[in-house]
Number of protein chains: 2
Amino acid sequence: MTEGVPRRQSTLDEVAELAGVSRSVASRVLNNAPHVSRAKREAVERAVHRLGYVPNPTARALATRQTGAAALVVSGEDPSIFADPFFAQVIVGASAALEDADLHLMLCLAASDRGRRRVEQLLRSKGADGVMLMALREDDPLSRMAEEAEMPVVFGGRPVGLDPRWYVDVDNVGGARQATEHLISAGRTRVATIAGRLDTEVGRARYRGYRDAMLAAGLDPYPPEVGDFTESTGAAAMAALLARHPDLDGVFAANDNMGAGALRALREAGRPVPRDVAVVGFDDLAVARIADPPLTTVHQPIEALGREMARMLVALIGGQDPTPLILPTRLVTRASA
Amino acid sequence: MTEGVPRRQSTLDEVAELAGVSRSVASRVLNNAPHVSRAKREAVERAVHRLGYVPNPTARALATRQTGAAALVVSGEDPSIFADPFFAQVIVGASAALEDADLHLMLCLAASDRGRRRVEQLLRSKGADGVMLMALREDDPLSRMAEEAEMPVVFGGRPVGLDPRWYVDVDNVGGARQATEHLISAGRTRVATIAGRLDTEVGRARYRGYRDAMLAAGLDPYPPEVGDFTESTGAAAMAALLARHPDLDGVFAANDNMGAGALRALREAGRPVPRDVAVVGFDDLAVARIADPPLTTVHQPIEALGREMARMLVALIGGQDPTPLILPTRLVTRASA
DNA sequence: CGGAAAACTGGGAGCGCTTCCAGTTCCAGG
DNA sequence: CCTGGAACTGGAAGCGCTCCCAGTTTTCCG
């Protein structure tokens, strides 16, 4: 009697023995591969059940050379960029798509040097079957590593300066253009912009959309007032804008957080919104609905972004060659403009 | 010449051969274990460098029986609960602590049945070195599975009805009491509460704190108006409360989202805050600062919660027996109360 | 009813790394 | 110059699973 012994996980060999078949047959049953008679299949299934057997994923990974996991790496100098609810939504989408492919999600916040090194290891050691990369700054060494890695890599948003083969992005230029056009078509002519950091592709693209729309309407684009996508920098930028151009009547903020900040700065400056100054944001996060007044903004399908990234990665892992994707945006009109 | 051959990942054997030592020695160098002469160590290091060798984590995992990963599972019927920025902060903390222990983070959103089954697999198959479990509802089958799993498990917040051995929680009762006391000490006597779902421990604990404070002050607690922690249910609950008790002068909302909803409902009902009705929330998320008026709320150390969960898990994995932890909360006074 | 094709089966060789352990080498001390 | 022990070293046995392949059993026709 081996009572009290902390019963080891049972192995495939034990299953095979109990079922009176060879390990190969047992393995075939588990992966429901062909070439197994009905009788043996059932015997194995019974044994699996009796033993409460669960295959060891590590062993399987070693044998198949597939880890069964995909990584989502969020790069950035500061881990707090991850606090942006944006990423939570991306994760929800990606997680669902990976679940369909029976892959696990590894999350890597590559903020510290150490974190960055770990991602490099991951990339070079086949520690995952594929990687999704987000929020890369200009010159982020991760971009290069990823391109060199012999592993499927999907970019979420295009990194500045690179033109990756596989990516999913949102139509930032188009969305920003829509937002600006909305302001202009409402009769605003002195429309400024609070841009996001111009060393990110998102920041640049949204600024470009603003600029395009202004020029197309025969208006002079204002030089961008730059924030880092947070509420407080949005408020600061708005204050600066107000100081420099007291007469402006419209603002396009490159995201909702900064838009909310702008609303606050305008409130503090006693400039009623939208009567005096109209504001449009970008993202359509919860904050836009909650803001006072509710923020007109450009909706982007964030969960779909995550989902499509994961799907593309799964396709890549499956040996296909999917085409890059640019997801559409749409204007959501609320009270602020 | 093997030109053009997609150079396979190099293996430890190749490193050993190039360095002119046995595989064992090379392995020892990599794990910087003792019993390696200086000369050989350097030879191996040189070989590693020349080959760009990176150990295969899967093989290592199989040999050591350690996966090098910890899972964070967020349970819930609806994946969107994960959209709560709360989790993002937990992740930031957990991620940092795991990084220190050189563990990877696997994220499991156990919303669907399928997701739940995958978590069960994980728990039973040693697919991770340990698991952190969050947001469990009453009767969540995951709780039982986790307790039965022969794997380190740390709970984030105590699940209803269970009394797990290892957990990290926030002092929800104390925080809610503080919030309510703040309202009372400001002279409010007709203080109601918007509670969170009472089938969660958080919902219950915060209601209990409210109740305790009311009773302690000799006031009659109101029956809880229940929401599900979202802005809209908060607004609805506030409207219901207002309809039933038009004379109330204070509200404790079990979280900031619902607090923000309450503010909106009050605004729509034309009841000025805080003059007419004072509101206190719980969480101290970004929404509390952005709300109008800014929401007085109970700050909880969310990132620390994540960090401590991960640390506890690491200790457990390391064979230690850490003690459960309850993190303190503190009131943050803003304009709403 | 014989023979070839089709369907099964199980042995065994890995996957790449760790680790035990028997065997070597190297030094003091005697 | 020999001996015992400490410091090293490398062969070999796994870790648990997949999958090729050669061998065996069925099945199906002519």
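These figures come from a predicted structure and were not determined experimentally. Keep in mind that the numbers below use all heavy atoms, side chains included, and drop hydrogens, waters and symmetry copies.
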Worksheet, complete the sentence: Atom CD of Q9(B) and atom C1' of dG16(C) are separated, to the nearest Å, by 10 Å
Fill in: Donor-acceptor pair (no angle test) under 3.5 Å: R28(A) side chain, dG10(C) base
yes
Fill in: L72(A) vs M106(A) side-chain heavy atoms within contact, under 4.5 Å
no
Discussion item. Check the phosphate of dG16(D) against T11(A), side-chain N and O only, distance under 4.0 Å to OP1 or OP2. Yes or no?
Written reply: no
Practice prompt. Taking only the side-chain nitrogens and oxygens of N56(B), find out if one of them lies under 4.0 Å from OP1 or OP2 of dC15(C).
Written response: no
Item to complete: Report the distance from atom CG of N32(A) to atom C1' of dT18(D), rounded to the nearest whole Å.
Response: 15 Å
Practice prompt. Mind calculating the distance between CZ (R23(B)) and P (dT18(C)) to the nearest angstrom?
Written response: 10 Å
Discussion item. Whether E42(B) and R46(B) form a salt bridge (side-chain N of Lys/Arg under 4.0 Å from carboxylate O of Asp/Glu) is what I want to check.
Written reply: no
Item to complete: Hey, which sits more toward the 5' end of DNA chain D by its nearest nucleotide, A59(A) or G20(B)?
Response: G20(B)
Item to complete: For R38(A) and dC8(C), give me the distance from atom CZ to atom P, rounded to whole Å.
Response: 12 Å
Worksheet entry | Residues R307(B), E303(B): salt bridge by 4.0 Å N-O rule | no
Discussion item. Check D140(A) with R116(A), please: is the shortest side-chain N to carboxylate O separation under 4.0 Å?
Written reply: yes
Worksheet, complete the sentence: Atom CG of L12(B) and atom P of dG10(D) are separated, to the nearest Å, by 13 Å
Discussion item. Nearest whole Å is fine: how far is dT18(C) C1' from R65(B) CZ?
Written reply: 11 Å
Discussion item. Any base atoms under 4.0 Å from S24(A), or only sugar-phosphate, or nothing? Heavy atoms, all strands.
Written reply: base
Worksheet item: What nucleotide among dG16(C), dG10(C), dT9(D) has an atom nearest to a side-chain atom of K40(A)?
Response: dG10(C)
Discussion item. Taking the minimum atom-to-atom distance to the side chain of T64(B), which one of dT18(C), dT9(D), dG16(C) wins?
Written reply: dT18(C)
Discussion item. Between R311(B) and E308(B), does any side-chain N to carboxylate O distance fall below 4.0 Å?
Written reply: yes
Worksheet item: Taking atom C1' of dT24(D) as reference, at what distance in whole Å does atom NE2 of H35(A) sit?
Response: 15 Å
Item to complete: For S37(A), answer base if it contacts any base atom (sugar-phosphate contacts may also be present), sugar-phosphate if it contacts only those atoms, and nothing otherwise; contact means non-hydrogen atoms under 4.0 Å.
Response: sugar-phosphate
Worksheet item: Over how many whole Å does the gap from E17(B) atom CD to dG16(C) atom P extend?
Response: 15 Å
